[in-house]
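Within every chain, numbering begins at 1; the chains are lettered A, B, ... in the order of the sequence lines, protein sequences first and strands thereafter.
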There are 2 protein chains.
Amino acid sequence: MKREKAMNLPPLVQTFVLHFGEMGSRWGVNRTVGQIYALLFVSPEPLNADEIVEALGVSRSNVSMGLKELQAWNLVRLRHKPGDRREYFGTPEDIWVIVRTLIEERKKREIDPTLSLLRETLMERPESEFERHAQARMREMHDLIDMLTDWYADMRAIETERLVQLMKLGSKISRVLEFRDRLGFSGKRNDPPSPDDEERSR
Amino acid sequence: MKREKAMNLPPLVQTFVLHFGEMGSRWGVNRTVGQIYALLFVSPEPLNADEIVEALGVSRSNVSMGLKELQAWNLVRLRHKPGDRREYFGTPEDIWVIVRTLIEERKKREIDPTLSLLRETLMERPESEFERHAQARMREMHDLIDMLTDWYADMRAIETERLVQLMKLGSKISRVLEFRDRLGFSGKRNDPPSPDDEERSR
DNA sequence: CCGGAGTTTCAGTTATTTCTGAAATATCGG
DNA sequence: CCGATATTTCAGAAATAACTGAAACTCCGG
């Protein structure tokens, strides 16, 4: 007597999986994709597609598509078991890897296209007063996004342990600016002096 | 001869508006909402609902709902013109206000509900080995999100000018940690000494 | 408290997305 | 190369979300 079309999971896990399903839409993936990821995330070992079908009570093809999408997001790791042709799916052990990937992929989907469009649009020549103002506004947006992505690129390069330390500092970090100001730093420290140290010269 | 059901905008603006419409879905709003916001953002002065209808070629009621949603996001400012009962809509002048609002609202919609659920779920007692592992995994997620939101709360409190300075520092900021380590800081500065400075304990 | 401009609500339609089952394709051991 | 198993594709069905027009409501001046 195997129950079809219904989830078969311990209550704690089911709650979590259902929640991720609901949130999925807000995160730009569909319900099934959210559920699959939640399941893989909490699972002690990698699962194959049929196990996911069984656990979530959705169609095999749906799972296949969901896994494909998760792979496009770089969010799953593919594993193989000896003597078993089936593919097993898991999430990265290190949750920081997951977070970094999520941010990277969302940036790619949600920020980069707009940055490109803004760049292109700012090349055009305004033909009216309205366009002139619009372009000025777009430049503001472009410059802001540009700065944020530069900053992100810098942060991404910092290793996790150090990043955590920095974040723990919280707003205390801004005291570093007080130092700079008070001591009249021109921005050199133990690097060879670089001309763009004070302000980023973009 | 007024054209109905079609956009009537200068090319540059139209490109921008259409792009925001398309991106809207990735940003968790529908096409019309994205278009309305793009239009308001580049518009030199606030617009009333009918002007938006005219510019975008969508129905009056659609604009009404879109504006309502934008208000729920705190992304529009309501203006009134003397001797005119109609409401005029605009975006904040300062683009940083917009970015801050966006981040705040997305956090509210995309992060906070999950954090709550995790908190609740972590109160439960696991009934199986699977649940035990799942809960451990959820705790990892909870602690990470918790740290990130703490950090975010700190950053939010920093005024924009200073935040920009900090971001411009980029990865150079992490040298502040080298100082700490090299000088043997125990983490006190003008705060009371805290035992959890090296590793997190929260 | 009436008239009307302005706005919102909502039931129904249209468009879009998600999901499924069946068929097609791929992969591997023998 | 065959047969068995695993996976993907895809056209249509089901579910959701977006959009519209018409009606309802609000607010104000007179």
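If you take CG on B/L67 and CG on B/L47, they are separated by 9.5 Å, rounding to the nearest 0.5 Å. Separation of atoms OG (A/S59) and CE (A/M65) is listed at 8.5 Å; rounding is to 0.5 Å. Between the CD1 atom in A/I52 and the CG atom in A/L40 there is a gap of 4.5 Å [rounded to 0.5 Å].
B/Y152 and B/E104 are linked by a side-chain donor-acceptor pair at a separation below 3.5 angstrom, with hydrogens and angles left out of the test. Using modelled atom types and a 3.5 Å distance limit, the side chains of B/R137 and A/T91 yield a donor-acceptor pair.
For the pair B/R100 and B/E105, the salt-bridge criterion is not met [side-chain N within less than 4.0 Å of a carboxylate O]. Electrostatic pairing of B/E45 and B/K81 counts as a salt bridge here, judged by a charged N lying under 4.0 Å from a carboxylate O.
B/N30 is linked by a side chain to side chain contact (heavy atoms under 4.5 Å, CB included) to B/T32, B/V33, counting only residues two or more places apart in sequence or in another chain. Applying the side chain to side chain donor-acceptor pair (under 3.5 Å) test to A/R132 and every residue at least two apart in sequence or in another chain returns A/E129. Taking the side chain to side chain contact (heavy atoms under 4.5 Å, CB included) definition, one finds that A/V17 meets it with A/M7, A/L9, A/V13, A/Q35, A/A38, A/L39, A/L56, sequence neighbours left out.
Taking atom OH of A/Y88 as the reference point, atom C1' of D/dT5 lies 13 Å away to the nearest angstrom. Between B/N30 atom CG and C/dA15 atom C1' the separation is 12 Å, expressed in whole Å. With rounding to whole Å, A/E51 atom CD is found 15 Å from D/dT7 atom C1'. Across the protein-nucleic acid pair, A/K81 atom NZ and D/dT5 atom C1' stand 18 Å apart, rounded to whole Å. Between the C1' atom of D/dC27 and the CG atom of B/D84 lies a distance of 14 Å, rounded to the nearest Å. In this structure, A/I36 places its CD1 atom 13 Å from P of D/dT7, rounding to the nearest Å. Separating the CD atom of A/E69 from the P atom of D/dT9 is a distance of 13 Å, rounded to the nearest angstrom. Protein atom CD of B/E22 is 15 Å distant from nucleotide atom P of D/dA18, rounded to whole Å.
With A/E124 contributing its side chain and A/T121 its backbone, the two residues share no donor-acceptor pair below 3.5 Å.
Residues B/G34 and B/F20 share a closest heavy-atom pair of O-CB, 3.5 Å.
For the pair B/N62 and D/dT20, the criterion of a side-chain N or O lying under 4.0 Å from OP1 or OP2 is met.
In the helix from C/dC1-D/dG30 to C/dG30-D/dC1, the rotation axis of the first five pairs and that of the last five pairs differ in direction by 30°, rounded to 10 degrees.
At a threshold of 4.0 angstrom between heavy atoms, the contacts of B/S25 with the nucleic acid are absent.
Here the nucleotide nearest the side chain of B/S59, chosen from D/dA6, C/dC19, D/dC19, is D/dC19. Closest to the side chain of B/R31, out of C/dT7, D/dC19, C/dT20, is D/dC19.
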Please list, pair by pair, any protein nitrogen or oxygen found under 3.5 Å from a nitrogen or oxygen in nucleotides 23-30 of chain C.
residue : atom : partner : partner atom : Å
C/dT27  : O2   : A/R85   : NH1          : 3.2

Between the protein and nucleotides 8-10 of chain C, which nitrogen or oxygen pairs are less than 3.5 angstrom apart?
residue : atom : partner : partner atom : Å
C/dT8   : OP2  : B/S64   : OG           : 3.1
C/dT9   : OP2  : B/K68   : NZ           : 3.0

